Protein chains: 2
Amino acid sequence: MIDSLDFAKVMADETRQRIMALLCCRWLCVGDIVGEMQGISQPTVSHHLAVLRDAGLVHTRRDGKQVFYSLNQDEVAVCCGRILRNFAPQVPVAAISVSE
Amino acid sequence: MIDSLDFAKVMADETRQRIMALLCCRWLCVGDIVGEMQGISQPTVSHHLAVLRDAGLVHTRRDGKQVFYSLNQDEVAVCCGRILRNFAPQVPVAAISVSE
DNA sequence: GCCACATATTGACCGACATCGATATGTAAG
DNA sequence: CTTACATATCGATGTCGGTCAATATGTGGC
């Protein structure tokens with residue numbers, strides 16, 4: 001349960017957002033993530049996964065030697081709801097464009 | 001029109017979020033903002049207002065010697081919508097808690 | 001014009017964090 | 001239990017950005 005500030009800090013990194021995009025709607029193990037992130041070392045990916053894990057923004061599952069991650073979309077939605085409540089209280093929910 | 005990454009970077013600072021909260025639903029001039037932000041100097045406040053202005057997250061109005069700012073809630077909502085679209089596409093909009 | 005006030009910009013400093021190589025930990029196979 | 005592989009942690013380095021004092025710019029009054 002992170003607040004708006006911590007959520008923003010976690011999101012405020014390009015590498016992390018790339019990893020989040022990779023993990024959206026699917027499970028990937030660390031090795032596969034490293035494979036998709038050209039130019040980023042394994043320790044760096046592992047570091048970012050730890051940040052995301054500590055923030056509760058990813059799900060984790062171990063399978064043998066591999067550890068799989070996937071994005072916790074519900075938590076993302078909760079954090080966005082918190083930002084909207086704090087900083088856009090007068091905008092009707094229906095007006096928030098989610099499609100396209 | 002900033003993307004998810006720049007939006008997160010702008011939001012990822014406590015001082016900026018405090019200023020944004022002050023400017024939510026009302027106009028304040030720089031002097032009044034400085035007055036509310038104890039421990040933060042006028043140049044620092046001005047710097048953060050410039051960041052918010054460049055990001056399009058505040059409205060600006062000059063009145064004589066004073067410059068007034070207020071939060072651009074619509075832009076906040078647009079940016080949150082973008083995050084939801086990118087990182088929570090499978091969460092129904094109705095499930096996003098905005099109240100309370 | 002000059003002065004007083006409000007805000008913005010500049011330049012320097014410092015802390016936070018992203019990144020890496022090296023190494024440690026964990027796990028399964030043989 | 002040793003080896004090989006997958007992931008995590010450590011320590012060092014470099015960069016980015018928040019902060020301030022000092023100064024510049026802008027605005028209205030006289």
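Just the heavy atoms: all of them, side chains too, but no hydrogens, waters or symmetry mates, feed the values below. In the text below, chain A, chain B and the rest are named by the order of the sequence lines, each starting its count at 1. On a predicted model such as this, the values are computed, not experimentally measured, just so you know.
Near DNA chain C, defined here as any heavy-atom distance below 4.0 Å, there are no residues from residues 54-64 of chain B.
Across Met11(A) and Gln17(A), no two heavy atoms sit closer than the pair O-NE2, 3.0 Å. Of all the heavy atoms in Gln42(A) and Val34(A), the pair that sits closest is CA-CG2, 3.9 Å.
Ile83(B) CD1 to Asn86(B) CG: the interatomic distance, rounded to the nearest 0.5 Å, is 8.0 Å. Once rounded to the nearest 0.5 Å, the distance linking NE2 of His59(B) with CG of Leu23(B) reads 11.5 Å. His47(A) NE2 to Leu52(A) CG: the interatomic distance, rounded to the nearest 0.5 Å, is 9.5 Å. Note that the OH atom of Tyr69(A) and the CG atom of Asp32(A) stand 13.0 Å from one another [nearest 0.5 Å].
The span of DNA chain C lying next to chain B, judged by atoms under 4.0 Å from heavy atoms, is bounded 5' to 3' by dC5(C) to dT9(C).
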Check the interface with nucleotides 11-20 of chain D: list each N/O to N/O pair with the protein under 3.5 Å, or write none.
| from | atom 1 | to | atom 2 | distance (Å) |
| --- | --- | --- | --- | --- |
| dG18(D) | OP1 | Arg16(B) | NH1 | 3.3 |
| dG18(D) | OP1 | Arg16(B) | NH2 | 2.9 |
| dG18(D) | OP2 | Arg16(B) | NH1 | 3.3 |
| dG18(D) | OP2 | His47(B) | NE2 | 3.3 |
| dT19(D) | OP1 | Thr15(B) | OG1 | 2.9 |
| dT19(D) | OP2 | His48(B) | NE2 | 2.2 |
| dC20(D) | OP1 | Gly39(B) | O | 3.0 |
| dC20(D) | OP2 | Ser41(B) | N | 3.0 |
| dC20(D) | OP2 | Ser41(B) | OG | 2.8 |
| dC20(D) | OP2 | Thr44(B) | OG1 | 2.5 |

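Side-chain contact between Leu22(A) and Arg26(A) is present, with at least one heavy-atom pair separated by less than 4.5 Å. Val30(A) has its side chain out of reach of Gln66(A): every pair of non-hydrogen atoms, C-beta onward, lies at least 4.5 Å apart. Side chains of Val93(B) and Ile96(A) form no contact here, defined as non-hydrogen atoms less than 4.5 Å apart.
If you take CD of Gln66(A) and P of dC5(D), they are 13 Å apart, rounded to a whole angstrom.
Just one of Val67(B), Asp54(B), Ile19(B), Thr60(B) meets the side-chain contact (heavy atoms from CB on, under 4.5 Å) condition when paired with Leu49(B); it is Ile19(B).
For the pair Tyr69(A) and dA8(D), the criterion of a side-chain N or O lying under 4.0 Å from OP1 or OP2 is met.
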